[in-house]
Number of protein chains: 2
Amino acid sequence: MDGSVEPLKARRIFLLLKERIGSGDLPPGARLPGEPALATEHGVSRVTIRRALDMLAQDGLIDRRAGAGTFVRTQSPVRPLVADLSNVLSHIVEMGRRTGIRLLSFAYAQPPAAVADALGMKPGERTQRSVRLRLIDGAPFSYLITHVPERIGLTYSEQDLATVPLLALLERSGVTVERATQAIGATLAGPEVAEALGLEIGSPLLSLTRVVYAPSGDGVEHLHALYRPDRYSFEMELTRAGEGEERRWSPVPVSGGRRNAG
Amino acid sequence: MDGSVEPLKARRIFLLLKERIGSGDLPPGARLPGEPALATEHGVSRVTIRRALDMLAQDGLIDRRAGAGTFVRTQSPVRPLVADLSNVLSHIVEMGRRTGIRLLSFAYAQPPAAVADALGMKPGERTQRSVRLRLIDGAPFSYLITHVPERIGLTYSEQDLATVPLLALLERSGVTVERATQAIGATLAGPEVAEALGLEIGSPLLSLTRVVYAPSGDGVEHLHALYRPDRYSFEMELTRAGEGEERRWSPVPVSGGRRNAG
DNA sequence: GCCAATTGTCTTATACGGTAGACAGGTAGC
DNA sequence: GCTACCTGTCTACCGTATAAGACAATTGGC
């Protein structure tokens, strides 16, 4: 029933090296360790290393020259998108890049318990669940799953969601949002997300979960976002604040037109 | 050299099911389809399904009862350690947990180009490179690679590094640190890191890169930290700040004894 | 030109992920 | 208690990914 099984170790090493290249750990032009070196380093045979390098070569990430070595190809494929802490892409306009949104799904249903709990909803209440894909210059970089209590979700249309920022929709509906909590973590891409983001299954993803609250304390939005780390990262500036023992790092607030150095 | 490599199809299905559980598609308490059903559904053999379920069980996501079926477990296994934005574990003491540090390596050498660049060092200058493991209640949760310019590194000993926080060492040495930048992303665990953190190769990791600057603008510390996302996450609170078009989320500064709600 | 190191290309043998099927023991419903 | 379905465990077998090693061809430095 099978016939073609994909390599396993080779794929793993492929992903690892791809990651090191993408993160700049292996800068363009750098020469990789020799195949035997990589083999012992990863505790696999040279054949496996070669397979991994084959995949990298096929992706155009490396150049292999017999007798010379293997080199990271000099090309900056895509410059990653940088967001500040509050997850606002403040520099997009300045960078002349365009972002888009694709609405992948839209429905009303019973939310998962975790979401219902976070939003402080009563059992039985429904939410509007939408899945959106954010694109930069046509390339997807984030996968967003949003839950909004049904009564609030009904105040705007599916069409609205595909064009207007959600926060604006909420405020347009008379909901005041002042407070939110968010947590940042990491996961692996499942089949669905991998497909949508154009990744291999098992690729690393940045995850962000944000819950937005109305002044009353009720939750009005639950966002679960997954980002391609090669196209998106959180950056922030810190200063030392406080006195004595309490002296610690503290984030610098983002001022109006500020942009990070590139 | 390995002996235990995870299957591929099984892993695929594992991730898929994990996603369905995490998203609430398979709510806690729900009964999964039988193994034969899952097998035909995914077009794989029952053995493969079993392997996927094994992984889920090991992650504490499901309960399997012979004769009855397989059920989504009602509680999340371990509560991760929570840090605020500035990467300070302010609640550890309150939680009654103890953290420790293990120094894995310590040496002076030429830094990688990316590090030298970030620290603004001249070519040829060396850095002190140290690798440390942070533990919580004896379990490792973060892997820290630190680079410090040689002249600064020489002001403290290897012994110091294993006991005193680096920032304190720097300030003790007369270096004033006021400013830092940091970026948060995600990667996969390589062989070394996986080993140290007790993970499988290819597990997802939270990554943090921080560069600390002296008032002169020179870089004094380059930190590359990798966290187990199941034991560590960044949490923060946000409020809406600014006016009109500029209105956006802004992090709430961490005040002295503040603690996040649990 | 020579030498060392590299990638490219074979060979052979083994390990293992995957399939297919059977069977034992537990559980729940009727 | 009977039955249907479930998980747990085992066997046998296939295809290929991987291991281990040898050898050729190429490159770059000396």
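Everything numeric in this text was worked out from a predicted model, so none of it was measured. The chains referred to below are lettered A, B, ... by the order of the sequence lines, with proteins before strands, and numbering in each begins at 1.
Comparing Gly67(A) and Leu53(B) by the nucleotide of DNA chain D that holds the closest heavy atom to each, the one mapping nearer the 5' end is Leu53(B). Nucleotides of DNA chain D nearest to Ala66(B) and Val47(B) differ in position, and the one nearer the 5' end is that of Ala66(B). With the nearest nucleotide of DNA chain C identified for both Asp54(A) and Arg65(B), Asp54(A) has the one nearer the 5' end.
Atom CZ of Arg31(A) and atom P of dA5(C) are 11 Å apart (whole Å). Following rounding to the nearest Å, Glu35(B) (CD) and dT27(C) (P) show an atom-to-atom distance of 15 Å. In this entry the distance linking CD1 of Ile49(A) with C1' of dA17(D) reads 14 Å, nearest Å. Rounded to whole Å, the distance from CZ on Arg64(B) to C1' on dT27(C) is 16 Å. When the C1' atom of dT18(D) is taken as reference, atom CZ of Arg51(A) falls 7 Å away, rounded to whole Å. When rounded to the nearest whole Å, the span between CG of Asp63(A) and C1' of dG8(C) equals 16 Å. Computed from coordinates, the Phe71(B) CZ to dC6(D) C1' distance equals 9 Å when rounded to whole Å. Rounded to whole Å, the distance from CG on Leu32(A) to P on dA5(C) is 18 Å.
Evaluation of atom-type donor-acceptor distances gives a pair under 3.5 Å for the side chain of Arg46(A) against the base of dG8(C).
Using a 4.5 Å heavy-atom cutoff, the side chains of Thr70(B) and Asp63(B) are not in contact. In this structure, Leu61(A) and Met55(A) have side chains that are not in contact, with every pair of non-hydrogen atoms separated by 4.5 Å or more.
Residue Thr48(A) has a polar side-chain atom (N or O) positioned under 4.0 Å from OP1 or OP2 of dA19(D). OP1 or OP2 of dA19(D) has at least one side-chain nitrogen or oxygen of Lys9(A) nearer than 4.0 Å. Distances shown here put a side-chain N or O of Ser45(A) below 4.0 Å from the OP1 or OP2 atom of dA19(D). Thr70(B) has a side-chain polar atom (N or O) that falls below the 4.0 Å cut-off from OP1 or OP2 of dT7(D).
Side chains of Arg129(A) and Thr146(A): a donor-acceptor N/O pair is absent below 3.5 angstrom, by distance only.
Here Arg50(A) lies in heavy-atom contact (under 4.0 Å) with a base.
Between atom NE2 of residue His147(B) and atom OH of residue Tyr108(B) there is a gap of 13.0 Å, rounded to the nearest 0.5 Å.
The six-membered or imidazole ring of Phe234(A) lies near that of Tyr227(A), with a centre-to-centre distance under 6.0 Å.
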